[in-house]
Amino acid sequence: MAWLIPQLGFDDLLASELRFLDGSRRADLAVCSDKSILAVEIKGPRDNLEKLVCQLTDYKAMFNEVYVATTSRFLPKIRVLAPTSIGIIEVDVADIRLIRKSRKKEHLEPLSSCRWLTASTLRRLARQTGPLPFDFDNETARKILTKNFERSTLHSLAISSIRKTLANRHQGFIAELGKTPTLDDLKMLTIEDRIKL
């Protein structure tokens, strides 16, 4: 966090444990600019790499840029497991080094963009395309949007949706942030799960 925060742009929003793919995955850290979203998967000394390939596949689908931050212990394995489009950051007690820069996609794929949209936004946009049954579901709405909207338009809608979700949390984080980020600061950035009644 201490390394990442000074690199943020003025309008960048930071998040911790950002849920994606309908809540089945969480990005350890995410940075959303006004045009793209970046994710960082953290693999600490007590983690393992069993699920890393699957995780990175999902990250690549849902983010413009992806990094893995890890210790020297995992660095050789991650170099092999992570596609060359995935960036690598080495973290140790004394220093943080950028080992490999990620390749940035200009736009998300249309279906990936739609997966960032709320159910109400999906339904509203799908209804703009013409008459639809009253009880259509989110998957149907996503398919309709991918057929009727430009890739760049869906990408912009996705980024706007993410930014709306992150804005209040990020502003509170910045207002409370001291000279050195703490675990409490990190918790403040975490988007809490919604309580279901």
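- With respect to the salt-bridge test (charged N to carboxylate O, under 4.0 angstrom), the residues R19 and E17 do not qualify.
- S113 places no side-chain N or O within 3.5 Å of a backbone atom of A158 that could act as its donor or acceptor partner.
- Annotation: side chain of F63 is not in contact with side chain of L38 (no heavy-atom distance under 4.5 Å).
- Between the side chain of R163 and the backbone N or O of D12 there is no donor-acceptor pair closer than 3.5 Å.
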**OP:** Could you walk me through whether R103 and T84 pass the side chain to side chain donor-acceptor pair (under 3.5 Å) test, one step at a time?
**Re:** CA-CA 8 Å; R103 262 188 253 137; T84 56; 2.7 Å; yes
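- Not counting sequence neighbours, R127 has no partner by the side-chain hydrogen bond (donor to acceptor under 3.5 Å, both in side chains) test.
- Listed by chain and number, the residues in a side-chain contact (heavy atoms from CB on, under 4.5 Å) with R142 are D22, L111, C114, R115, L122, N138, E139 (sequence neighbours excluded).
- The environment of Q7 atom CD is dense: over 12 non-hydrogen atoms of other residues, nucleotides or ligands sit within 6.0 angstrom.
- Between W116 and I159 the shortest side-chain heavy-atom distance does not fall below 4.5 Å.
- Nearest heavy atom pair, residue F149 against residue T129, reads CE1-CG2, 4.0 Å.
- Checking side-chain atoms of T57 against main-chain N and O of V53 turns up a donor-acceptor pair under 3.5 Å.
- Donor-acceptor pairing under 3.5 Å is lacking for the side chains of Q55 and K60.
- With no hydrogens or angles considered, a side-chain donor-acceptor pair links T118 and T121 at under 3.5 Å.
- Put simply, CD1 on I162 and CG on L18 are 7.0 Å apart, with the number rounded to the nearest 0.5 Å.
- More than 12 non-hydrogen atoms from other residues, nucleotides or ligands lie less than 6.0 angstrom from NZ of K105.
- Listed here is the closest heavy atom pair of M62 and S112: CE-O, 3.5 Å.
- Distance check, rounded to the nearest 0.5 Å: CD of E90 to CZ of R100 gives 13.0 Å.
- A donor-acceptor distance shorter than 3.5 angstrom exists from the side chain of R151 to the backbone of L108, with no hydrogens or angles considered.
- The shortest distance between side-chain heavy atoms of L157 and L125 falls below 4.5 Å.
- Under a 3.5 Å cut-off, the side chain of H107 and the backbone N or O of S156 do not form any donor-acceptor pair.
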**OP:** Starting from the C-alpha separation in whole Å, work towards a yes-or-no answer on side chain to side chain contact (heavy atoms under 4.5 Å, CB included) for H155 and N64.
**Re:** CA-CA 10 Å; H155 178 81; N64 298 89; 3.2 Å; yes
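- Applying side-chain contact (heavy atoms from CB on, under 4.5 Å) to I86 and the options I78, L52, L56, L81 leaves one that passes, L56.
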**OP:** Run the numbers on D58 and F20 for side chain to side chain contact (heavy atoms under 4.5 Å, CB included), then give the verdict.
**Re:** CA-CA 9 Å; D58 290 344; F20 63 102; 4.2 Å; yes
**OP:** Begin from the C-alpha positions of I89 and I96 and carry the test side chain to side chain contact (heavy atoms under 4.5 Å, CB included) through to its verdict.
**Re:** CA-CA 7 Å; I89 301 166; I96 296 175; 3.5 Å; yes
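- For the atom pair S72 OG and R97 CZ, the distance stands at 9.5 Å (nearest 0.5 Å).
- Here the CG-CG distance, from D34 to D11, works out to 6.0 Å after rounding to the nearest 0.5 Å.
- Here the NZ-OG1 distance, from K77 to T70, works out to 10.5 Å after rounding to the nearest 0.5 Å.
- Side-chain atoms of R79 and I88, non-hydrogen and from C-beta on, do get closer than 4.5 Å to each other.
- Side-chain contact between V66 and S102: absent, with no pair of heavy atoms (C-beta onward) separated by less than 4.5 Å.
- L154 and L21 fall into different hydrophobic clusters, defined by Ile, Leu, Val, Met, Phe, Trp and Tyr side-chain heavy atoms under 4.5 Å apart, directly or through other members.
- With rounding to the nearest 0.5 angstrom, the CG atom of L75 is 5.5 Å from the CD1 atom of I99.
- Cation-pi contact between R123 and F136: present, with separation from the ring centre below 6.0 Å and deviation from the ring axis of at most 45°.
- In this structure the side chain of I37 never reaches within 4.5 angstrom of the side chain of E65, judged on heavy atoms.
- Between the side chains of E41 and Y59, at least one donor N or O sits under 3.5 Å from an acceptor N or O.
- Residues L145 and L117 meet the side-chain proximity criterion, which asks for heavy atoms closer than 4.5 Å.
- Residues D92 and T71 are not in side-chain contact: their nearest non-hydrogen atoms beyond the backbone lie 4.5 Å or more apart.
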